[in-house]
Amino acid sequence: MQKTFHRQYDLDWIRVIATIGVFLYHCSMFVNPFPWHVKNNVTEGEAVLVFSLFVGAWIMPVFFAVSGISITYTLKKRTFTQYVKERLKRLGTPLLFGVFILTPPQIYLERLANNQFHDSYFSFYPHFFEGVYLDFGGTGNFAFFGLHLWYLLVLLIFSLLAFPLFKIGKRNVQRIHFILLPLILFATGFIHTQQLGGWDLIFYFVLFLYGYFFLSNSAFKQGLQATIKLHIGIALITSIVYITWFMIDYPHHSALAILFFAVKTLNCWSLLLCIFYLADKYLTDSNRFLTYGSEASLPFYILHQPIILTIGYFIRNFEWGIPTKLIFLITVSFVVIMLCYHFVIRQVPALRVLFGMKRI
């Protein structure tokens, strides 16, 4: 007899809200002081920076935590072979499409904006395969990770790499209480591999594993409900300390850098706990918006940065104020993305596959 699994709508809500969050975060990158592919002719020093720091503290970690939880339900319905095929189709196909189709225009716009290239896109495309793209404003062009699509590449690797650990069984792992996670994550601060989206890959891997082994456990929700006031307080205090400290004097190489990372880690974890608590308490039902948004979230994520960069490139030198440019960038980008998704991507079977969606 086939088992029936009840869908956790709170996870769908978190994924949809986080997708909107990463969209707004990348719009803020156009005008904040951080380096990015295409920047406005004037950058904002404080207000937008506060928003960027706050959202950046939890936005990509929550994606990996939710992905880890989702694996719990995926493995209940699929064999190992089916699991691998699903991961390759869902993540690998849009990643390859993004690397070779969506990434080159972004590198091209970056080169134009930085006066590193002065010809047409068709003249640039062969140069896309010259050198490896490593950072903003560098000389290499081939971004094998798909720029913002690095999340798909890393998640694909994590999904395959962690499978032997998943076979261990949750009962053999769940003896560690979830409040120990900040200490585990803090320990990862001394291990440096590659930083993406503000955090090291090891940090994301720990969150991904924790999502699978602990955050999907009913005991986790019970413990979270009993301690939520503490987590809310910690989230508020560490957010203020982390953002203020960063803006006043960000410590790079000193003993204070260790303390700063501890505050940042605790801030991230406490914010994640608040997000999971609020979603479990208030976002447990589905509606038309969630049904539509759940299907649109991955295509929206894949498409959002190329659209933002393109519009940002053409308005970067306009003599508009930063608020006007941000409102214009957010509004027009969102409308263009949704029009592309609603009237093109979701209607064409081949594009549905390329954007990680199920066939009609």
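Only heavy atoms go into these numbers, but all of them, side chains included; no hydrogens, no water, no symmetry mates. Treat the numbers as computed from the prediction; the structure is a model and nothing was measured.
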- Roughly how far, to the nearest 0.5 Å, is NE2 of His26 from CG of Leu309? 9.0 Å
- Item | Ring geometry between Tyr151 and Tyr301 (parallel below 30°, tilted from 30 to 60°, perpendicular above 60°) | perpendicular
- Message: Going by side-chain contact (heavy atoms from CB on, under 4.5 Å), name the residues that satisfy it together with Val263, two or more places apart in sequence or in a different chain.
- Response: Thr238, Val241, Tyr242, Trp245
- Item | All pairs passing salt bridge (Lys or Arg N to Asp or Glu O under 4.0 Å) where residues 119-129 contributes a residue, at least two apart | none
- Taken in chain and number order and not counting sequence neighbours, the residues that satisfy salt bridge (Lys or Arg N to Asp or Glu O under 4.0 Å) with Asp12 are Arg7, Arg15
- Query: Less than 6.0 Å separating the ring centroids of Phe214 and Phe220?
  - Reply: no
- Do Leu11 and Ile69 have side chains that get closer than 4.5 Å, going by heavy atoms? yes
- Task: With rounding to the nearest 0.5 Å, note down the distance linking CD1 in Ile311 to CG in Leu329.
- Result: 6.5 Å
- Task: Supply the atom-to-atom distance Ile234 CD1 to Thr227 OG1, rounded to the nearest 0.5 angstrom.
- Result: 9.0 Å
- Message: Classify the ring geometry of Phe80 against Tyr83: parallel below 30°, tilted from 30° to 60°, perpendicular beyond 60°.
- Response: tilted
- Message: Are Leu102 and Phe122 connected into the same hydrophobic cluster when the rule is that any two of I, L, V, M, F, W, Y join if their side-chain heavy atoms are below 4.5 Å apart?
- Response: no
- Is there a side-chain contact between Val84 and Phe163, using heavy atoms and a 4.5 Å cut-off? no
- Message: Between His304 and Phe334 (judged by ring centroids, cut-off 6.0 Å), do the two rings come close enough to count as a pair?
- Response: no
- Message: Give me the atom names and distance for the closest heavy-atom approach of Ile107 to Ala143.
- Response: CD1-CB, 4.4 Å
- Note on the structure: dist Ile59:CD1 -> Ile20:CD1 (nearest 0.5 Å) comes out at 10.0 Å
- Query: Are Val42 and Trp320 in one and the same hydrophobic cluster, where Ile, Leu, Val, Met, Phe, Trp and Tyr link if side-chain heavy atoms are under 4.5 Å apart?
  - Reply: yes
- Query: Going by the angle between their ring planes, with limits at 30° and 60°, are Phe208 and Phe166 parallel, tilted or perpendicular?
  - Reply: tilted
- Partner set under salt bridge (Lys or Arg N to Asp or Glu O under 4.0 Å) for Arg352, not counting sequence neighbours: Glu295
- So SG of Cys274 and NE2 of His231: to nearest 0.5 Å the spacing works out to 8.0 Å
- Message: Listing request: all salt bridge (Lys or Arg N to Asp or Glu O under 4.0 Å) pairs with a residue in residues 231-247, at least two apart in sequence or in separate chains.
- Response: none
- Determine, for Trp269 and Lys264, whether the Lys NZ or Arg CZ falls below 6.0 Å from the six-membered ring centre while staying within 45 degrees of the axis. no
- His148, Glu110, Arg111 screened by side-chain hydrogen bond (donor to acceptor under 3.5 Å, both in side chains) with His37, the one that passes: Glu110
- Message: Are Phe261 and Ile248 connected into the same hydrophobic cluster when the rule is that any two of I, L, V, M, F, W, Y join if their side-chain heavy atoms are below 4.5 Å apart?
- Response: no
- Query: In terms of hydrophobic clusters joined by side-chain contacts under 4.5 Å, are Phe63 and Leu161 together?
  - Reply: yes
- Locate the shortest heavy-atom distance separating Lys325 from Asn40; write the atom from each residue and the value. NZ-OD1, 2.5 Å
- Taking the six-membered ring for Trp and the full ring for Phe, Tyr or His, determine whether the centres of Phe128 and Phe100 are under 6.0 Å apart. no
- Could you tell me whether the side chain of Ser294 reaches within less than 4.5 Å of the side chain of Tyr9, counting heavy atoms only? no
- Name all residues meeting the side-chain contact (heavy atoms from CB on, under 4.5 Å) criterion together with Tyr313; count only those two or more places apart in sequence or in a different chain, and write none if there are none. Val38, Leu109, Leu112, Ala113, Arg316
- Message: Taking the ring of Phe129 and the ring of Tyr125, is the distance between their centroids below 6.0 Å?
- Response: yes
- Query: Is there a path from Val353 to Val344 through hydrophobic residues (I, L, V, M, F, W, Y) whose side chains come within less than 4.5 Å of each other?
  - Reply: no
- Item | Residues Tyr133, Phe142; criterion ring-ring contact (aromatic ring centres under 6.0 Å, His included); working and verdict | CA-CA 5 Å; Tyr133 183 94; Phe142 184 57; over 10 Å; no
- Query: Between Tyr204 and Phe64, does the ring centroid distance fall short of 6.0 Å?
  - Reply: yes
- Would you please indicate yes or no on a ring centroid separation below 6.0 angstrom for Phe144 and Trp150? no
- Aromatic ring centroids of Phe355 and Phe300 under 6.0 Å? no
- Evaluation steps, side chain to side chain contact (heavy atoms under 4.5 Å, CB included), between Ile345 and Met357: CA-CA 9 Å; Ile345 296 172; Met357 300 173 66; 4.1 Å; yes
- How are the rings of Tyr292 and His342 set relative to one another: parallel (under 30°), tilted (30 to 60°) or perpendicular (over 60°)? tilted
- Message: Measuring only between side-chain heavy atoms, which start at C-beta, is Phe205 closer than 4.5 Å to Val154?
- Response: no
- Task: Take Thr284 and Asp10 through the side chain to side chain donor-acceptor pair (under 3.5 Å) test and state the conclusion after the steps.
- Result: CA-CA 5 Å; Thr284 57; Asp10 56 331; over 6 Å; no
- Note on the structure: One should read off an interatomic distance between Leu271 CG and Leu236 CG, to the nearest 0.5 angstrom, of 8.5 Å
